[in-house]
Structures are given as structure tokens and as C-alpha cells.
Amino acid sequence: MRKIIHIDMDSFYASVEIRDNPALKGRPVGIGSPIHKRGVLCTANYEARKYGVKAALPTMYALKLCPDLILVKPNFEKYRKVSLQIREIFKEYTDLIEPLSLDEAFLDVSNCKQCDGSATLIAKEIRDKIFETTKLTASAGIAPNKFLAKIASDWKKPNGQFVITPEEVSSFIFDLPVKKIFGVGKVTAEKLHGLGFETCGDIQKASLLELRSSLGSTGESLYKYSRGIDNREVRSSRERKSLSVEHTFSKDIKKIEEMVKKATLVFEELKSRLDKKDIQESKIKSVFVKIKFKDFKQTTVSDLNSNVNLNDYLVLMKKGLQRKDEPIRLLGLGVQLKTRKKESEFQTSFLKEGID
Ligand code: DCP
Ligand code: MG
């Protein structure tokens, strides 16, 4: 039985900016470029969230929801610095640290001797130290596995922590809405609702066979997650090979103008994901576009180019669209990353594993 802590900073970029400019305190703040209002927000503080303003929302729309919103340009150098500070604190407790982005990480504290081995007390101590060092608050989830710890860290946000003990797993998971499950986005959630699954308890009533036949490999993961089972280890040195953002549309898209509009949105999301994961151009090997057509056939177009810019993606998208005269149901934009593997190995792994 593992003891996992998931730590996640509260409204991270916004909190850093407010800390450094106290005049912003108590006012609704969104992080995004004030000049390029056509973009999307990286995040917003909790005051702004009361108006429905949140990460990935188009800035123009956020300003409509909250006209008093103060826009602050992101400053990644500052966020990176805080990220290093918090990682130093994690290292005082364990080597098993898996950072997920600049502001969050899993820690496996199963063998940690501090605080008499109590993961709850360790999490509290870590949050206190983070505050002392950075003047920023963090929330924590404590649970027997990564899946539950991540959900738990969201439960008492901001500046709180929530524990799910092994005995509490069954009752906690039973009423959990399916959209809280890792990897269940809007489209999958709608599909699950259509099948009559609103909560994890509902999924538990279905057999593995049923789930597999209606949802494929997703069904298998759901079978486990809906029971609170997750055997994934905390992996401290994982090498990421790619990062992409995909949107499946509720209706297939035919018109090129509409595709360009969607591509622009997907592109903005990709940019903010790259920032959040701190992936700079020097780490990028190639850029690619993935298109799934109405008949589920898919194609990928890539280019050995480390510049992440919208125009290049649009050129790739148009190239892909020429391959089939059909409406599209999914559009993905992404980057392949440089790995420590040799060039010759790269090509084969690329072909074997596909792009996703
Ligand atoms: N981020 C981004 N684009 C997104 C989501 C997040 O650029 N679509 C950036 C800004 C966030 C940071 O990553 O501050 C951390 O992401 P979180 O999802 O943890 O969100 P916050 O820390 O802002 O808020 P919360 O208190 O909900 O964790
Ligand atoms: Mg956060």
C-alpha cells in the first residue's frame, strides 16, 4: 500500500503576480497578454473565478464576464524559479518525485520517516515550508494512489488538504462524477452519460466485458479507476516524447474557415500547455498536425521545425486536408520532443508508437 501526496499550487501564475504586486490583492486578476486580447487566459485568481473566469478562456470573453478583470502578462522566469524552490522542499522528504508541470507534483512518501511516517503531517509540513519560502499557498491530496491523490488535492482548494485513507476509498469513489476521472474530457463524459454512467458507482455496476465493448481500451481504464484502483508508480525520471492537444468536435466540420478557427483555439491551448510544462523551442524536434476524418481514418502531417507558430500549423493542416475530401471530427496539434535516444532509434520509435 503506497502513500502518495499530490501537491498543487493555488492559482499559481496569478498568485505569483499578486505576491509581487500587492495592489492587485483582492481584485480579479487574469494572467494573459493585455495586448493580444485574442489569446486565452493561462489562469485567473479565485476572485476572478467567481465571475466564471478561468484558464483557457478566451481573454475577450473573460473581459465580458468580468469587465474589471486586471490582465497581467505571464512571466515564466518567475514561475520557473518558484517551481525550483518547491522541488527543493519536496527533496527533503523523498526522491520519488514526479513533477507534472511547474506547479504540481506527485510524491511517494511510503518510506519517508519524517512526521512518524504520517503522510497527512508530511503534506502539511511541506505546504507550510512552501509558504515560508515562497509566500505562496499550495493544496495537497493524500491517498493510496496517484489517481485519488490528484482528485483529493482539488477537494479543499485553495490552501487546504484532503486525505483519502485506504478504508475510505470505496465510499469516496462511489459518488464521484465520471468527469472527475483522469482523462475523461467533455466528449468522453457525454458518451458516458449517454450510456447511463453519471458516477463511478454507476460504472462499477458494469462488467469489464461491457465496458470494453462499448468504450474499448478507455473502458478498461474506467473499470479500474471507478473502483479507485491505480497501480501506476511515481516515476521520477520520465522522458516526455511528445505533447499535443486534440479537440474532438461535437459536429463534424466541413468548412475550411471553421477549421482555421478551431485550429486557432487548439493552437492557443497547445501554447499554454507548452508554457505550463516549461517546454521551450530548444527542446522541440518537430511539429505535427493530426486529423481524424468523419470515417475515423486519420492522418498526420509533420515538419522538422521547432517554431511553434500558428501559420506553420495551418499550412500542415491544409496539407493533411488534401489527403481526403471529407469533414473532420478531430483536430490535434502537437510537438515531438528531442529525446536522448540516437537519431536512428528515433525514427523507428516514432513509427512504432505513432504520434500520440
Ligand atoms: N496553465 C496554463 N494554461 C492552462 C492551465 C494552466 O497556462 N490551460 C498554467 C497557469 C496556472 C498553472 O499552469 O497558474 C498551473 O495550472 P493549474 O491547473 O494548477 O491551475 P492554477 O494553479 O492556476 O489554479 P488551481 O488553484 O486551480 O490549481
Ligand atoms: Mg495549481
Side-chain angles (χ1 to χ4, degrees), residues 5-21 24 28-34 36 39-59 61-62 69-87 89-90 98-107 123 126-127 130-131 134-141 146 149-162 179-180 182-183 185-186 243-247 264-280 308 333-335:
I5 300 177
H6 178 253
I7 301 265
D8 188 312
M9 303 295 287
D10 301 319
S11 56
F12 183 44
Y13 297 179
S15 302
V16 173
E17 299 305 333
I18 296 165
R19 175 194 70 180
D20 296 347
N21 179 4
L24 298 174
V29 174
I31 303 301
S33 172
H36 303 106
V40 295
L41 290 182
C42 299
T43 192
N45 67 346
Y46 282 77
E47 275 80 2
R49 290 186 200 187
K50 287 181 203 151
Y51 298 84
V53 173
K54 55 183 181 181
L57 203 67
T59 308
Y61 185 54
L69 186 73
I70 302 170
L71 284 175
V72 180
K73 207 169 78 200
N75 179 338
F76 296 103
E77 275 317 307
K78 283 208 248 179
Y79 313 146
R80 263 180 223 125
K81 185 173 167 228
V82 174
S83 192
L84 290 176
Q85 286 176 310
I86 63 174
R87 279 183 207 169
I89 296 171
F90 300 157
E98 180 176 334
L100 297 175
S101 69
L102 289 176
D103 94 319
E104 62 179 308
F106 286 116
L107 279 64
I126 290 177
R127 291 175 45 237
I130 289 178
F131 188 75
T134 68
K135 296 287 169 271
L136 299 167
T137 62
S139 297
K146 296 208 281 192
K150 186 154 164 75
I151 295 173
S153 71
D154 229 23
W155 230 243
K156 287 283 158 76
K157 247 182 187 302
N159 199 15
Q161 65 180 54
F162 187 72
K179 63 174 185 296
K180 291 273 180 195
F182 171 78
K186 221 168 128 194
L243 186 139
S244 64
V245 174
E246 294 180 354
H247 282 196
T264 310
L265 288 179
V266 179
F267 176 77
E268 288 296 341
E269 205 178 315
L270 174 68
K271 285 271 279 189
S272 69
R273 291 272 306 275
L274 289 169
D275 288 336
K276 191 178 171 202
K277 304 272 178 204
D278 197 21
I279 297 170
Q280 294 152 46
V308 178
L333 306 186
V335 297

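As the structure is a computational prediction, the values presented were derived from the model and not from experiment. Residues take their numbers from the sequence shown, with the count starting at 1. Whatever order the structure lists them in is the order used to number ligands and atoms, beginning at 1.
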### Query
Would a distance-only check, ignoring hydrogens and angles, find a side-chain to backbone donor-acceptor pair under 3.5 Å from S244 to G334?
no

### Query
Is there a heavy atom of D275 sitting under 4.0 angstrom from any atom of ligand 1?
no

#### Entry: D8 N/O under 3.5 Å from ligand 1 N/O
yes

### Query
Of the non-hydrogen atoms in L136 and I130, which two are nearest, and what is the gap between them?
O-CG2, 3.7 Å

### Query
Within 45 degrees of the axis of the six-membered ring of F76 and under 6.0 Å from its centre: does K78 put its NZ or CZ there?
no

### Query
Among protein heavy atoms, which sits nearest to atom 3 (N) of ligand 1, and what does the distance come to when rounded to 0.1 Å?
S272 OG, 3.3 Å

### Message
Any heavy atom of S11 closer to ligand 1 than 4.0 angstrom?
### Response
yes

### Query
Should the proximity of K157 to ligand 1, defined as any heavy atom under 4.0 Å, be assigned to the side chain, the backbone, both, or neither?
side chain

### Task
Below 4.0 angstrom from a heavy atom of Y46, which ligand 1 atoms are there? Numbered from 1 as shown, please.
25 (P), 26 (O), 27 (O)

### Summary
What lies under 2.8 Å from the Mg ion (ligand 2), restricted to protein N/O/S atoms, is D8 OD1, M9 O, D103 OD2

### Message
Any nitrogen or oxygen of R273 lying under 3.5 Å from a nitrogen or oxygen in ligand 1? Just yes or no.
### Response
no

### Query
What's the shortest distance from atom 7 (O) of ligand 1 to any protein heavy atom, and which residue and atom give it?
C42 CB, 3.4 Å

### Message
Please work out, at 4.0 Å between heavy atoms, whether the side chain, the backbone, both, or neither of R49 comes within that distance of ligand 1.
### Response
side chain

### Task
Begin from the C-alpha positions of E104 and H6 and carry the test side chain to side chain contact (heavy atoms under 4.5 Å, CB included) through to its verdict.
CA-CA 7 Å; E104 62 179 308; H6 178 253; 2.7 Å; yes

### Query
Which ligand 1 atoms are under 4.0 Å away from a heavy-atom of F12?
14 (O), 21 (P), 22 (O), 23 (O)

### Which atom of I279 lies closest to which atom of L243, heavy atoms considered
CD1-CD1, 3.9 Å

### Query
Looking only at heavy atoms, which two atoms of A138 and M9 are closest? And how far apart?
CB-SD, 3.7 Å

#### Entry: Side chain S153, main chain S139, donor-acceptor under 3.5 Å
no

### Side-chain donor-acceptor pair present, S11, N45, cut-off under 3.5 Å
no

### Message
Distance under 4.0 Å to a non-hydrogen atom of A55: what atoms of ligand 1 satisfy this?
### Response
4 (C), 5 (C), 8 (N)

### Message
Would you say NZ of K186 has more than 12 non-hydrogen atoms from neighbouring residues, nucleotides or ligands within 6.0 angstrom?
### Response
no

### Heavy atom of the protein closest to atom 14 (O) of ligand 1 (residue, atom name, distance)
Y13 N, 3.0 Å

### Message
Just checking K157: does its NZ atom have more than 12 heavy atoms from other residues, nucleotides or ligands closer to it than 6.0 angstrom?
### Response
yes

### Query
Can you tell me which residue and heavy atom of the protein come closest to atom 18 (O) of ligand 1, and the distance to 0.1 Å?
K276 NZ, 3.5 Å

Just distance, no hydrogens or angles: give the donor-acceptor pairs under 3.5 Å from side chains in residues 265-277, sequence neighbours left out.
{"residue": "E269", "atom": "OE1", "partner": "H247", "partner atom": "NE2", "Å": "2.8"}
{"residue": "S272", "atom": "OG", "partner": "E269", "partner atom": "O", "Å": "3.2"}
{"residue": "K277", "atom": "NZ", "partner": "L100", "partner atom": "O", "Å": "2.6"}

### Task
Look up atom CD1 in I86 and atom CZ in R127, then write down how far apart they are to the nearest 0.5 Å.
13.0 Å

### Query
Backbone or side chain, does any N or O of M9 fall under 3.5 Å from an N or O of ligand 1?
yes

### Query
Centre of F90's six-membered ring, under 6.0 Å away, within 45 degrees of the axis: is that where NZ or CZ of R87 sits?
no

### Task
Give the atoms of ligand 1, by number and element, whose distance to some non-hydrogen atom of D103 is under 4.0 Å.
15 (C), 16 (O), 19 (O), 22 (O)

### Task
Measure the distance from atom 20 (O) of ligand 1 to every protein heavy atom, then report the residue, atom name and distance (to 0.1 Å) of the closest one.
T43 OG1, 4.3 Å

### Message
Under 3.5 Å, is there a donor on one side chain and an acceptor on the other for S15 and D10?
### Response
no

